[in-house]
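Residues take their numbers from the sequence shown, with the count starting at 1. In this text, all values refer to a predicted model and were calculated from it rather than measured experimentally.
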Amino acid sequence: MDLYNIWFDLKAGVRDGAFSDDLQQFLTAMQADGRIRGFRVMRRKLGLGPKDVGEFHVMIEVENLAQLDRAFAAAAERAEPMESFHHAVNSKVQNLQFALYRDFPDPHRKRGDEKF
């Protein structure tokens with residue numbers, strides 16, 4: 001399992017509830033098409049968290065990098081309905097940061113006499 005993480009802030013004047021609806025619609029469509037396995041949308045609570053990452057955090061689960069590439073391709077095609085879904089989200093955010101993580105240890109990792 002690979003986890004694509006996105007941190008961001010909303011642009012000034014963007015309503016958080018409407019944005020959340022748009023984000024859910026976009027990611028649910030990606031999931032329904034099999035382009036992602038799942039997702040979580042999170043928001044910083046009580047102001048706790050590193051100041052260099054945004055107030056919002058989206059974690060997208062994919063089976064592998066090939067599935068993530070298919071998700072990127074769907075957004076890059078600029079074809080409907082994904083284009084409208086993507087624009088409704090992407091146009092309302094700023095200060096984006098991205099990271100790619102994986103489960104550890106990998107399920108396919110051979111275990112043995114590792115040296116630390």
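Here D9 contributes atom CG and K92 contributes atom NZ; the two are 16.0 Å apart, rounded to the nearest 0.5 Å. Rounding to the nearest 0.5 Å gives a distance of 4.0 Å between CD1 of I60 and CD1 of I6. The distance from the CZ atom of R15 to the OG atom of S20 is 12.5 Å, given to the nearest 0.5 Å.
F85 places none of its side-chain heavy atoms less than 4.5 Å from the side chain of V89. Side-chain atoms of N90 and F26, non-hydrogen and from C-beta on, never get closer than 4.5 Å to each other. Annotation: side chain of F8 is in contact with side chain of L10 (closest heavy-atom distance under 4.5 Å). R78 has its side chain out of reach of H86: every pair of non-hydrogen atoms, C-beta onward, lies at least 4.5 Å apart.
The hydrophobic clustering, which links ILVMFWY residues whose side-chain heavy atoms are closer than 4.5 Å, places F19 and V58 together. Transitive grouping of hydrophobic side chains (ILVMFWY, heavy atoms separated by less than 4.5 Å) brings F72 and L96 into a common cluster.
Considering all non-hydrogen atoms of both residues, A75 and M30 come closest at N-CE, 4.3 Å.
When each of L3, L100, D2, I36 is paired with L68, the side-chain contact (heavy atoms from CB on, under 4.5 Å) condition holds for L100 and for no other.
Shown here are the side-chain contact (heavy atoms from CB on, under 4.5 Å) partners of Q67, two or more places apart in sequence or in another chain: R37, V62, E63, N64, R70. F98 meets the ring-ring contact (aromatic ring centres under 6.0 Å, His included) test with Y4; sequence neighbours excluded.
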Identify every side-chain donor-acceptor pair in residues 38-57 under 3.5 Å, counting partners at least two apart or on other chains, and give the distances.
from, atom 1, to, atom 2, distance (Å)
R43, NE, E55, OE2, 2.8
R43, NH1, D16, OD2, 2.7
R43, NH2, E55, OE2, 3.0
R44, NH2, P50, O, 2.9
R44, NH2, V53, O, 2.6
R44, NH2, G54, O, 3.0
H57, NE2, N5, OD1, 2.8

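Distance alone, capped at 3.5 Å, is enough to place a donor-acceptor pair between the K11 side chain and the S91 backbone.
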